[in-house]
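Reviewing the structure listed below.
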Amino acid sequence: MKKIMLVFGTRPEAIKMCPLVNELKKHNDRFEPIVCVTGQHRQMLDRVLDVFDIIPEYDLSIMKEEQTLFEVTAGILNKIKNILEEVRPNIVLVHGDTSTTFATALACFYMCIPVGHVEAGLRTYDVSSPFPEEFNRQAVGIIARYHFAPTEISKQNLINEGKKEDTIFVTGNTAIDALKTTIRDDYNHPELEWAKDSKLIILTAHRRESQGKSMHHMFKAIRRIIDEYDDVKVIYPIHMNPIVRKAAEEELGDCKRIHIIEPLDVVDFHNFLSRCYMILTDSGGIQEEAPALGKPVLVMRDTTERPEGIEAGTLRLVGTDEETIYMNFKLLLESKEEYDKMTNASNPYGDGTTCQKIISILDNSIKKREI
Ligand code: UD1
Ligand code: UDP
């Protein structure tokens, strides 16, 4: 029996790792999945664990209000050592680019435990954007023995960096595995009822590098649109970060056609996405989900590590300048031609069988006595 430890700590990692945990559980003749959550997020993580019905074996519970990168990284490094010593996993699987991912991979490196990196090879090659995620994923890329790359583009990034080709596997993204289980034809919600005769915009914004001036610019641009267009309503399921909440309250708090609501459970959120007119976001994961749903996205960031959605035509990178966001938003409200160009559903991230592919790669590595 091989001990596969999956370590994650934030909402997006959980959404993309829980399907893998549940798939591994189906193969309990040879795999023992062991879940360790860092609790980098608390409430937002726990909601995902509930949805996927997963009870972690270990919980580092490190979250603090307005935590710094130092606290998160050091907290995980200090607490995970004993667990890794106790469990001695055959392999540790981490996901993406968070501080949880980086600190866990570093701990495994110190203890010579092999690491499998799910969602490997995404790059902007600008360590300041997204910050600190670009550094995190490049660093994990140095440590990982197996790179589960979602697309050929991410595989090529890894090859260009000199990673050995036989350590890189194009698997698609587990985001699509998750999405396949959440969308429902008969879904409804009071917030959707509120917005039903309007163009519904879904807004999310949370990135560290956006906080401060950039985030205020984003919100001001949206505010201008709302003031100009009576037929637009915005739903903003807001991140729990108090810094983000304060900025949103200051800029958008008094606007009746913007509903700032608590974070939605993933089933609700995916169904909101599938029913909206368009999306404004600085999120990473939403850039993977929206192309599959054919929903236009204005990506309010200076860079993206997800060029697949830009190529598919669903994403437009608009930066964080107020005027540019405003003009692009306005264009998609006024020009049917521009809007239609961005609504072709396409799915660059696989067919929802990424978890199965990762498991057969693990099977092969057992056969080759690598783990
Ligand atoms: C983290 C990740 C980012 C990812 C994002 C997903 C890093 C460096 N950043 O950023 O890559 O896009 O998660 O959302 O790993 N909070 C709560 N409850 C929660 C979650 C957060 O109260 O359930 C508050 C806390 O005050 C916390 C703050 O949000 O201190 C920030 O959380 P943190 O994980 O440090 O940063 P994120 O911006 O969420
Ligand atoms: N999401 C969610 N509820 C919400 C907002 C987002 O379940 O209220 C999901 C979304 O579908 C995606 C993930 O959370 O799968 C994205 O998380 P986030 O934007 O926090 O992080 P990022 O992807 O930028 O790292």
Side-chain angles (χ1 to χ4, degrees), residues 130 175 179 183 189 191-192 194-207 210 214-238 247-248 251-252 255-261 264 269-349:
L179 199 58
I183 300 292
H189 188 283
E191 289 293 338
L192 292 179
W194 167 72
K196 77 173 181 241
D197 297 321
S198 308
K199 287 181 175 153
L200 170 61
I201 312 301
I202 299 293
L203 167 65
T204 82
H206 71 81
R207 304 223 76 81
S210 309
S214 299
M215 202 165 272
H216 283 273
H217 291 165
M218 294 174 190
F219 294 152
K220 280 186 196 306
I222 291 156
R223 181 67 193 245
R224 278 168 67 187
I225 293 283
I226 284 284
D227 289 344
E228 245 172 80
Y229 293 85
D230 290 347
D231 60 339
V232 171
K233 284 186 177 164
V234 176
I235 296 180
Y236 181 6
I238 196 165
E251 299 289 354
L252 307 171
C255 182
K256 287 202 170 47
R257 272 183 289 113
I258 301 183
H259 274 187
I260 301 177
I261 61 173
L264 287 164
F269 190 73
H270 284 174
N271 282 284
F272 274 47
L273 286 187
S274 77
R275 285 157 178 82
C276 74
Y277 180 80
M278 61 182 274
I279 302 154
L280 275 82
T281 192
D282 64 2
S283 159
I286 294 170
Q287 295 178 57
E288 290 150 357
E289 294 160 349
L293 299 168
K295 295 296 178 180
V297 185
L298 296 183
V299 182
M300 300 184 293
R301 294 170 48 175
D302 297 325
T303 58
T304 182
E305 58 289 85
R306 288 157 171 105
E308 296 86 356
I310 305 258
E311 273 172 29
T314 332
L315 311 184
R316 192 166 290 173
L317 196 59
V318 295
T320 55
D321 171 61
E322 178 186 329
E323 195 60 25
T324 314
I325 296 171
Y326 167 80
M327 291 307 291
N328 278 282
F329 195 169
K330 195 175 167 75
L331 186 67
L332 288 181
L333 291 172
E334 291 197 343
S335 163
K336 184 168 172 355
E337 196 187 334
E338 285 294 323
Y339 181 78
D340 288 346
K341 269 203 275 185
M342 292 181 74
T343 53
N344 285 332
S346 93
N347 184 354
Y349 294 108

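- Summarising the geometry of Y339 relative to Y277, their closest heavy-atom pair is OH-O, 2.7 Å, with the distance given to 0.1 Å.
- In this structure, A247 and M215 approach most closely via the heavy-atom pair CB-SD, 4.5 Å.
- Qualifying side chain to side chain contact (heavy atoms under 4.5 Å, CB included) partners for E311, counting only residues two or more places apart in sequence or in other chains: I153.
- Y349 contributes no side-chain N or O that, together with a main-chain N or O of P291, makes up a donor-acceptor pair within less than 3.5 Å.
- Expressed to the nearest 0.5 Å, how far CD of E338 lies from OG1 of T343 amounts to 11.5 Å.
- The side chain to side chain contact (heavy atoms under 4.5 Å, CB included) search around E191 returns H189, W194, I235, H259, I261, F272, not counting sequence neighbours.
- Nearest approach of P296 to G294, heavy atoms of both residues: CD-O, 3.8 Å.
- Applying the salt bridge (charged side-chain N to carboxylate O under 4.0 Å, His left out) test to E308 and every residue at least two apart in sequence or in another chain returns nothing.
- Here the side chains of T320 and M218 are in contact, with some heavy-atom distance below 4.5 Å.
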Would you be so kind as to tabulate the donor-acceptor pairs closer than 3.5 Å made by side chains of residues 324-331, with sequence neighbours excluded?
residue : atom : partner : partner atom : Å
T324    : OG1  : D321    : OD2          : 2.7
Y326    : OH   : E228    : OE1          : 3.1
Y326    : OH   : E228    : OE2          : 2.6
N328    : ND2  : T324    : O            : 2.9
K330    : NZ   : E228    : OE1          : 2.9
K330    : NZ   : Y229    : OH           : 3.4

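- With sequence neighbours left out, S210 forms a side-chain hydrogen bond (donor to acceptor under 3.5 Å, both in side chains) with D282.
- Remark: R223 engages D227, L252, D254, C255 in a side chain to side chain contact (heavy atoms under 4.5 Å, CB included) (not counting sequence neighbours).
- Remark: E305 pairs with R137, R301 by the salt bridge (charged side-chain N to carboxylate O under 4.0 Å, His left out) rule, at least two apart or across chains.
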Contacts table for residues 196-205: side-chain donor-acceptor under 3.5 angstrom, sequence neighbours left out:
residue : atom : partner : partner atom : Å
K196    : NZ   : E193    : OE1          : 3.2
K199    : NZ   : L333    : O            : 3.4
T204    : OG1  : T281    : OG1          : 2.6

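- With respect to V299, the side chain to side chain contact (heavy atoms under 4.5 Å, CB included) criterion is satisfied by exactly one of T314, L315, L280: L315.
- In terms of heavy atoms, A290 sits closest to I279 at CB-CD1, 3.9 Å.
- Contact between H206 and S283 at its shortest, heavy atoms only, is NE2-CA, 4.3 Å.
- From M300, atom CE reaches atom OG of S214 across 10.5 Å, with rounding to the nearest 0.5 Å.
- Side-chain N or O atoms of K295 include none that pairs as donor or acceptor with a backbone N or O of L273 at under 3.5 Å.
- With sequence neighbours left out, the side-chain hydrogen bond (donor to acceptor under 3.5 Å, both in side chains) criterion links E322 to R224.
- Every residue meeting the side chain to side chain contact (heavy atoms under 4.5 Å, CB included) condition with T304, not counting sequence neighbours, appears here in chain and number order: Q287, R306, I310, L317.
- Taking the side-chain hydrogen bond (donor to acceptor under 3.5 Å, both in side chains) definition, one finds that K256 meets it with nothing, sequence neighbours left out.
- The shortest distance between side-chain heavy atoms of V232 and I226 falls below 4.5 Å.
- Scored by the side-chain hydrogen bond (donor to acceptor under 3.5 Å, both in side chains) test, N271 finds R275 as partners (sequence neighbours excluded).
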